[in-house]
K.L.:
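My questions will all concern the structure given below.
The chain is numbered in sequence order, starting from 1. Side chains included, hydrogens not; waters and symmetry mates left out as well; all remaining heavy atoms used.
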Amino acid sequence: MFEKMIAQSKERGGWLDMEDRKSGGMFIYICLPRSSAGRVIGKGGGNISDLRKTHNAHISVEESAPGLPQEQLVRIAGQPQGVMAVMKEAIGYICQEANLP
């Protein structure tokens with residue numbers, strides 16, 4: 001299944017752009033339930049917009065993950081420290097949804 005996601009991403013030009021590659025950028029995919037992805041996106045896209053600006057990261061959310069219609073695939077790309085910071089904040093949004101500390 002992961003190979004299919006990578007192939008689809010390549011077809012859409014979803015890899016790191018040339019600047020990110022030259023400067024040691026990275027990307028990561030997260031497969032989330034729709035409700036959790038919605039929490040990361042935020043009302044009116046507010047959370048995802050803040051994450052993009054604050055951490056200079058490229059973040060995209062697929063309508064559904066291949067073969068998993070109840071899940072959404074989130075792609076985060078950029079410099080390693082920015083990608084990890086986005087991951088940490090995204091996990092925070094998800095924990096808030098589940099009322100976890």
K.L.:
In the structure I gave you, are the side-chain heavy atoms of Met87 and His55 within less than 4.5 Å of one another anywhere?
P.N.:
no
K.L.:
Any side-chain heavy atom of Asn56 sitting closer than 4.5 Å to one from Gln79?
P.N.:
no
K.L.:
Is a donor on one side and an acceptor on the other found under 3.5 Å between the side chain of Arg34 and the backbone of Glu63?
P.N.:
yes
K.L.:
Starting at CG of Leu32, measure out to CD of Glu71 and round the result to the nearest 0.5 Å.
P.N.:
7.5 Å
K.L.:
Give me the atom names and distance for the closest heavy-atom approach of Val83 to Gly78.
P.N.:
CG2-N, 3.5 Å
K.L.:
Enter the distance from Ile94:CD1 to Arg39:CZ here, rounded to the nearest 0.5 Å.
P.N.:
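Output value for this atom pair is 10.0 Å.
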K.L.:
Give the minimum heavy-atom separation between Val86 and Ala57, together with the two atoms involved.
P.N.:
CG2-CB, 3.9 Å
K.L.:
Please examine the side chains of Asn47 and Glu89, heavy atoms only from C-beta on, and report whether any two atoms are closer than 4.5 Å.
P.N.:
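No. Closest side-chain heavy atoms not under 4.5 Å.
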K.L.:
Nearest 0.5 Å, please: how far is SG in Cys31 from CD in Gln70?
P.N.:
11.0 Å
K.L.:
Does Gln72 use its side chain to pair, donor to acceptor, with the backbone of Glu62 at less than 3.5 Å?
P.N.:
yes
K.L.:
State whether the side chain of Thr54 and the backbone N or O of Asp50 hold a donor-acceptor pair below 3.5 Å, judged by distance alone.
P.N.:
yes
K.L.:
Please determine whether residues Ile41 and Ile91 belong to a single hydrophobic cluster, defined as Ile, Leu, Val, Met, Phe, Trp and Tyr linked transitively by side-chain heavy-atom distances below 4.5 Å.
P.N.:
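No, no single cluster joins them.
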K.L.:
Search all heavy atoms of Leu51 against all heavy atoms of Tyr93 and return the closest pair with its distance.
P.N.:
CD1-CE1, 3.9 Å
